[in-house]
Amino acid sequence: MAIGARLRRWLLDPPPATAPDPDYLPLPVAPARLAQVFGDPHADPDGLAIAFLSAARGGDDDLRAAALRAIAASSGSWWARFDDALRETSQWVPRWSQQLAVAVGDDTADLVALVAAGCHRDGRLREAAAVRLAGHDHPVATAVLALRCADWAHQVREAARAAFDSQLAVELDTARLLLVADLAFTLHARKHGGWLMRQVEQLIPRLPDPVLATLLATAQPRLRRAAYRIAVAEGRVGVAQLLAAAFTDGDLGVRRVCADAAMDADTDLTTLRTLRASRTGSIRAEAIRRLSRAGEFDADAALSDPHPLVREIAQAAIRRRDGDPAPYYRRLVATDPPPPGAVAGLGETGTPADAALITPWLTHPTSRGRVAAIRALRRLGTGPADALAARLADPSPSVVRHAAAALSERATEIGKDELAALLRPENPIHVRVAGLRIGVARDPWTRLAVSLRLLHDNDEHLRGTAEREVRTWPGYGRLRPVDPQLVPELDRLLARAVPVLGKPLVDLIRFQARLG
């Protein structure tokens, strides 16, 4: 059926009784304001939909051209939001929508009007617009067709796919190809979004080398990852380019795809030796695993690697040779200073007796080394509490955080005076958070007292954490009687807590604490 005949029935339908006369937009947009909106590269798609519809209804040629430029270079996710917003906005102009239907049916609608029709809330207009857009090679026409390929209405979807196939029959320029690929990833999760993704995946292997190179260098990680995956499967990327991407690409997925392909493509060990120096731990781990299988294994470098996966691969390689990695680590830890990975590895493979070798490196010159020593002692379940407590004054927040985690498992070894010193207002916030973490890990009464002290603290984070601790305080079941020396302080702190906690909760805590 012809487009005009298909729209004729809709044109005979009267506008809704509640529709205003004339059409309206909730925010009338002046031409000067429209030009300003279209000139903003960061314009929000929801606000731009109103401006675009205003230009489509009555804008001059310059304004309509500005409207197309404003949306032409947008991303796939932006287009999805713009489509939703334009469809919602179209309900405000029912009478102009009928004029738009006449123009589309008569093939007198320009590209701006076709974009508005292609994102209209009425499926008959979207279907007709998809047919008309097939003859346009502008990026916005391709974007609207790509959106309609995943439309929920079967007739719209089929019309858009037929139109899109006709565009694919002629080679897409690079800009339109990138936009379609981005939209394919954006729409992939939709019920009917898989079709467009399949078209893109079938198109990539047929691209000429210059266009494929542009795709492999796009700033969109998802598209770059898929392009590398397909190009690698087709054997269109050389080992040198794979290695360059494995080392420099900003996306982990791309680095892994390229590294695996480079390792599979190279028959000697040169590539593996190169990738052994990768900045990505999982790539180093795979390279070391393959080198070990081939009989080449640098035990010291692999065992002391900062990444736990690499160390695990290296430790497994030592054990396959009927060895024990712990002696290697003991020798490495004896160097001054040892690599942080060696300290961590001794904690992973050693025994509690190795704490004497690890403890001196709680003062490692690097914060990573001090963290490794704390974690190693925690893993071994040993280490002097006073040496760990000294790390609570460390200049590195990461070191303080790990020391607090280790000491929270041995909170009773930290005296109450030391705990109070950690909570002083003049301390850095990460030190005070560590004190709270250790305090709430002690007995329930200390947990309650420490939390109550911080209910009125100047720091919002500490106040919120302390209030949650009080509200979830385990004042139920059988509790050891409260220390008589703590009763006066608890009584005073609970009296101050009434404005924050409310009197019912404070009275309940007093009853549970037997404070009268």
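What you are looking at is a predicted structure, and each value in this text was computed from that prediction instead of being measured.
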Salt bridge check: are Asp459 and Arg463 linked by an N-O gap of less than 4.0 Å?
-> no

Going through the distances and angles, do Glu158 and Gln155 end up as a side chain to side chain donor-acceptor pair (under 3.5 Å)?
-> CA-CA 5 Å; Glu158 292 305 313; Gln155 296 89 339; over 6 Å; no

Apply the test side chain to side chain contact (heavy atoms under 4.5 Å, CB included) to residues Thr465 and His461: give CA-CA distance (whole Å), side-chain angles for both, the deciding distance (0.1 Å), then the verdict.
-> CA-CA 6 Å; Thr465 305; His461 173 69; 3.7 Å; yes

Decide if atom NE2 of His307 counts as having more than 12 heavy atoms of other residues, nucleotides or ligands within a radius under 6.0 Å.
-> yes

Please confirm whether the backbone N or O of Glu127 pairs with a side-chain atom of Arg148, one donor and one acceptor, at under 3.5 Å?
-> no

So, does Thr218 use its side chain to make a donor-acceptor pair with the main chain of Thr214 at under 3.5 Å?
-> no

Residue pair Met263 / Arg290, side-chain heavy-atom distance below 4.5 Å = yes

Describe, in one word, how the ring planes of Phe82 and Trp79 are oriented to each other, choosing from parallel (under 30°), tilted (30 to 60°) and perpendicular (over 60°).
-> perpendicular

Can you give me every donor-acceptor pair (side chain of residues 296-303, partner residue at least two apart or in another chain, under 3.5 Å) with its distance?
| from | atom 1 | to | atom 2 | distance (Å) |
| --- | --- | --- | --- | --- |
| Glu296 | OE1 | Arg273 | NE | 3.2 |
| Glu296 | OE1 | Arg273 | NH2 | 3.0 |
| Glu296 | OE2 | Arg273 | NE | 2.9 |
| Asp298 | OD1 | Ala301 | N | 3.4 |
| Asp300 | OD1 | Arg331 | NH2 | 2.8 |
| Asp300 | OD2 | Arg331 | NH1 | 3.2 |

salt_bridge(Arg378, Glu409) N-O dist < 4.0 Å = yes

Contact check, side chains of His430 and Arg401, non-hydrogen atoms, under 4.5 Å | no

Charged N to carboxylate O under 4.0 angstrom, Arg176 versus Asp137?
-> no

Ignoring hydrogens and angles, tell me if any N or O in the side chain of Arg157 forms a donor-acceptor pair with the backbone of Asp151 under 3.5 Å.
-> yes

Give a yes or no answer on whether the side chain of Thr366 reaches the backbone of Gly369 with a donor-acceptor pair at less than 3.5 Å.
-> yes

Checking Gln202 side chain against Gln199 main chain: does a donor-acceptor pair fall under 3.5 Å?
-> no

Taking atom types as modelled and ignoring hydrogens, do the side chains of Ser278 and Arg284 form a donor-acceptor contact shorter than 3.5 angstrom?
-> no

Charged N to carboxylate O under 4.0 angstrom, Arg224 versus Asp251?
-> no

For Tyr228, enumerate each residue passing the ring pair (Phe, Tyr, Trp, His ring centres under 6.0 Å) test, keeping only those at least two apart in sequence or located in another chain.
-> none

NZ/NE/NH1/NH2 to OD/OE distance under 4.0 Å, Arg206 and Glu234 | no

Side-chain donor-acceptor pair present, Ser77, Ser75, cut-off under 3.5 Å | yes

Student check: side-chain heavy atoms of Leu407 and Arg391 closer than 4.5 Å | no

Salt bridge between Asp60 and Arg64, side-chain N to carboxylate O under 4.0 Å?
-> no

Within the distance-only criterion (no hydrogens, no angle test), does the side chain of Arg368 pair as donor or acceptor with the backbone N or O of Pro340 below 3.5 angstrom?
-> no

Any donor and acceptor pair, going by atom type alone, linking the side chain of His402 with main-chain N or O of Ser398 inside 3.5 Å?
-> yes

Ignoring hydrogens and angles, tell me if any N or O in the side chain of His364 forms a donor-acceptor pair with the backbone of Pro338 under 3.5 Å.
-> yes

How about Arg471 and Ser451: do any of their side-chain heavy atoms sit closer than 4.5 Å?
-> no

For Arg375, does the CZ atom sit with more than 12 other heavy atoms under 6.0 Å from it, leaving out its own atoms?
-> no

If only atom types and distance count, is the side chain of Asn427 paired as donor or acceptor with the main-chain N or O of Leu422 below 3.5 Å?
-> yes

